[in-house]
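Reading through the structure tokens given below for one structure.
No hydrogens, no waters, no symmetry mates; every other heavy atom, side chains included, goes into these values. Read the numbers this way: they start at 1 and go in the same order the structure lists the ligands and their atoms. Given the structure is predicted, the values throughout are model-derived calculations rather than measurements.
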Amino acid sequence: MIVQNIKDIKSRIEKAAMKVGRDPRTVELIAVSKTYPIEAICEAIEGGCTAFGENKVQELIGKIPAIQSVVDWHLIGHLQTNKVKYIVDQVALIHSVDSLKLAEEIQKQAMKKNLLVSILIEVNVAKEVSKNGVAVEEVEGLVREIGKLPNVKMRGFMTVAPYVADPEQNREIFRNLYNLSVDIQKQNIDNISTEILSMGMSTDYEIAIEEGATMVRVGTALFGKRDYTKAPKEE
Ligand SMILES: *Cc1c(COP(=O)(O)O)cnc(C)c1O
């Protein structure tokens, strides 16, 4: 079932990209494997997935050694500064940087290990629903500070849109993040890139792609319904 889901999702990604004249290869599918067991991840790998997203550090570092294949791990959930040290050398991308303090801790841990760590800034575009992410007005200031950190490479932005009955309702949120990204790109800030836009989940990834997403984070549409009783407790 997972393999078939991946086929369906990939074909929908392709259609959404083509609809707006984008090359479908510019959209990466991140399989959000939080709460799902190792066997489900292995099945997704067989189905062609190469990038997995987890939202909790403990669950992420538990799963990494259990997977034999080479895949990219993405941290997509809120990250506490005291946990940065466990993941800086384990993940391809941290999607959820939302403060200078967190970015500075990533810098510190990355420098110790002589790494360049790729991050996205999480933006709280839909203010009323989420408490995570940086307010739109604060983004430019934060970006300028992060640009000064030599072991941190900002590659773009991420947002979490609300769960809505009609995914069209999230179009404006995605469009706003795209426009913000274009505005920041125009400033030509040193050590800052805006090539990645991580937006869109199971119910609205096609809309996000139409509005410029280069990464979509899909969990339930790929793996099926989540059972939170099976996820490790944390925080
Ligand atoms: C759980 C989660 C997703 C995936 O959500 P689905 O609705 O299952 O696709 C995407 N992004 C973040 C940050 C998440 O925590």
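Within 6.0 Å of CG in N82 there are more than 12 heavy atoms belonging to other residues, nucleotides or ligands.
Residues that satisfy the ring pair (Phe, Tyr, Trp, His ring centres under 6.0 Å) test with F174, not counting sequence neighbours, are absent from this structure. Shown here are the salt bridge (Lys or Arg N to Asp or Glu O under 4.0 Å) partners of E172, two or more places apart in sequence or in another chain: there are none.
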Item to check | Verdict with supporting geometry, K19 and E210, salt bridge (Lys or Arg N to Asp or Glu O under 4.0 Å) | outcome: CA-CA 7 Å; K19 187 175 164 191; E210 288 175 28; 3.2 Å; yes
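Counting only residues at least two apart or on different chains, the ring-ring contact (aromatic ring centres under 6.0 Å, His included) pairs with a member in residues 90-112 are H74-H95.
Applying side-chain contact (heavy atoms from CB on, under 4.5 Å) to D89 and the options K112, Q109, K113 leaves one that passes, K113.
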Could you tell me, for ligand 1, which of its N or O atoms are under 3.5 Å from any protein N or O, listing the pairs and their distances rounded to 0.1 Å?
| unit_1 | atom_1 | unit_2 | atom_2 | d |
| --- | --- | --- | --- | --- |
| ligand 1 | 8 (O) | T220 | N | 2.8 |
| ligand 1 | 8 (O) | T220 | OG1 | 3.1 |
| ligand 1 | 8 (O) | R226 | NH1 | 2.7 |
| ligand 1 | 8 (O) | R226 | NH2 | 3.1 |
| ligand 1 | 9 (O) | S202 | N | 3.0 |
| ligand 1 | 9 (O) | S202 | OG | 2.5 |
| ligand 1 | 9 (O) | G219 | N | 2.8 |
| ligand 1 | 11 (N) | R217 | NE | 2.8 |
| ligand 1 | 15 (O) | K34 | NZ | 2.6 |

